[in-house]
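Proteins come first, then strands; the chains are lettered A, B, ... in the order of their sequence lines, and each starts at number 1. Fair warning: this is a prediction, and the values are worked out from it, not measured in the lab.
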There are 2 protein chains.
Amino acid sequence: MPPDTKARLLQSAERILRERGYNGFSYADLAQEIGIRTASIHYHFRAKSDLVLALIERYAERIAGGLADLSRTAPTGADRIAGYVAVYRDALRQGSSLCLCVSLSADAESLEPTALAALEAFHQGGIAWLTEAFELAAEDGSIEHVGAPASEAAATLALVEGAQLVGRASRSAEPFERAVALLMARLRDVG
Amino acid sequence: MPPDTKARLLQSAERILRERGYNGFSYADLAQEIGIRTASIHYHFRAKSDLVLALIERYAERIAGGLADLSRTAPTGADRIAGYVAVYRDALRQGSSLCLCVSLSADAESLEPTALAALEAFHQGGIAWLTEAFELAAEDGSIEHVGAPASEAAATLALVEGAQLVGRASRSAEPFERAVALLMARLRDVG
DNA sequence: GTCTATACGGTGATAGAC
DNA sequence: GTCTATCACCGTATAGAC
């Protein structure tokens, strides 16, 4: 019945980290937000690096789960790409936060090797999923002039991550929409 | 003859900030690197926010100057886009650093309004330059199937910034190259 | 211009009581 | 599980001597 502290910690930590970056958030912020002392956080996560690693893994699983759902429910390649872009649009939250892994990539220098490896795995997973989506699109004709699927995938991942960054600098969703407009225009039959 | 301390400060600060982010570098790092005390840095830049603002303005001018040169020397739209991509490729330095403004965009929450405004101006300037380059390309036919120049510009800015981020997470140049490969393939007659 | 000295709060982390 | 108390720094910033 009492809310699971560890879960609340993860939830708050993710939000703060996505707003302020790895070096911009502390156990003190976190402690204040959920109403315990910093010492208590160390009980759940021995070190800040442990918390961050748990955060990445949890985040990667959640996104991977969402993409797997999308693969099942989206019939065309265009539907899948539209859904993928929506994931990043939602994560931007009108320019107020970044995808956890976009935020952490910028602070790569401060991360442990294990966290760095998890970050790379996240990117690799995104590219693999996008490659499949573009392969499907090449077959079903739902996206205009599709190039090599692996190249389209790498470009699309960079596009949405960069679009988030530009939106973050403007604290607005508009730059994101402008950046993905051409990609969205290539999609056919998307509601 | 004695090296200008202010200039050395700016040079070192830019390097460190691009490697570690706004919240990941301190006056102490800077002081140690150029061999003076932190108190002396405050003589040149009253507060960290003043240093960062000077850094952005200097950086924006340098990049704008480079792009202006490129406009004069690159005859086709494709040449200009290739040159633009090269600017970001060089700034990535094999995955060891980011464009100053990519780094700062991720730490937007920590910046003063003046710095944020300068960041937005940097992005706006990049998009304006790219828009002209794509307009030229639409006329000279040097890039395949050019869409609305303003849309191409917004997408290209996001693409190269995102490509840097993915490269940074892997401490490698390869993800950057993969991300821009399709764009580069659209360019014709580029040595 | 650069220094020493210092203020003052933040930082991740630990020991041990409850 | 959470607390109090405490540690050993590190952070930006200032005052005033040289």
Side-chain angles (χ1 to χ4, degrees), chain A residues 1-56 100 103-104 106-116, chain B residues 1-56 100 103-104 106-116:
Chain A
M1 203 63 211
D4 180 351
T5 301
K6 194 161 186 171
R8 293 173 63 210
L9 240 14
L10 286 166
Q11 192 177 358
S12 289
E14 182 185 314
R15 214 207 71 247
I16 300 176
L17 207 159
R18 287 171 54 185
E19 285 174 6
R20 314 219 277 253
Y22 179 78
N23 290 308
F25 101 101
S26 69
Y27 271 28
D29 300 323
L30 205 43
Q32 188 173 19
E33 184 158 308
I34 77 163
I36 59 174
R37 300 287 130 132
T38 63
S40 307
I41 303 179
H42 284 281
Y43 170 80
H44 298 281
F45 301 98
R46 186 170 289 269
K48 196 179 175 185
S49 56
D50 297 314
L51 171 57
V52 168
L53 185 57
L55 242 24
I56 302 177
L100 179 73
S103 181
L104 289 174
D107 286 342
E109 191 70 25
S110 305
L111 305 181
E112 301 278 309
T114 47
L116 240 19
Chain B
M1 201 65 212
D4 181 349
T5 301
K6 194 163 186 169
R8 293 173 64 209
L9 241 14
L10 286 165
Q11 192 178 357
S12 288
E14 183 186 313
R15 213 206 74 246
I16 300 176
L17 207 160
R18 286 171 54 186
E19 284 175 8
R20 314 218 277 251
Y22 179 78
N23 291 309
F25 100 101
S26 69
Y27 270 27
D29 300 323
L30 205 43
Q32 187 173 20
E33 183 158 309
I34 76 164
I36 59 174
R37 300 286 126 132
T38 62
S40 307
I41 303 179
H42 284 282
Y43 170 80
H44 298 282
F45 301 98
R46 187 170 290 269
K48 196 179 173 184
S49 57
D50 297 313
L51 170 58
V52 168
L53 186 57
L55 242 25
I56 302 177
L100 179 73
S103 180
L104 289 173
D107 285 342
E109 191 71 25
S110 304
L111 305 181
E112 302 278 309
T114 47
L116 240 19

Could you check B:Glu33 against B:Arg8 for salt bridge (Lys or Arg N to Asp or Glu O under 4.0 Å), going step by step and ending with a plain yes or no? CA-CA 10 Å; B:Glu33 183 158 309; B:Arg8 293 173 64 209; over 6 Å; no

Measure the shortest side-chain to side-chain distance between A:Glu19 and A:Arg15 over non-hydrogen atoms and say whether it is less than 4.5 angstrom. yes

Applying salt bridge (Lys or Arg N to Asp or Glu O under 4.0 Å), name anything that partners B:Glu112, two or more places apart in sequence or on another chain. none

Near DNA chain D, counting only heavy atoms under 4.0 Å, which residues of residues 40-53 of chain A show up? A:Ser40, A:Tyr43, A:His44

Is there a side-chain contact between B:Phe45 and B:Val52 in this structure, where contact means two heavy atoms from C-beta onward sitting under 4.5 Å apart? no

Which residues pass the side chain to side chain donor-acceptor pair (under 3.5 Å) test with A:Ser110, not counting sequence neighbours? A:Asn23

Stretch residues 18-38 of chain B: residues that reach within less than 4.0 Å of DNA chain C through a heavy atom: B:Ile36, B:Arg37

Taking salt bridge (Lys or Arg N to Asp or Glu O under 4.0 Å) as the test, write out the residues that go with A:Arg20, two or more places apart. A:Asp29

Quick one: list whatever passes side chain to side chain contact (heavy atoms under 4.5 Å, CB included) with A:Ala7, sequence neighbours left out. A:Asp4

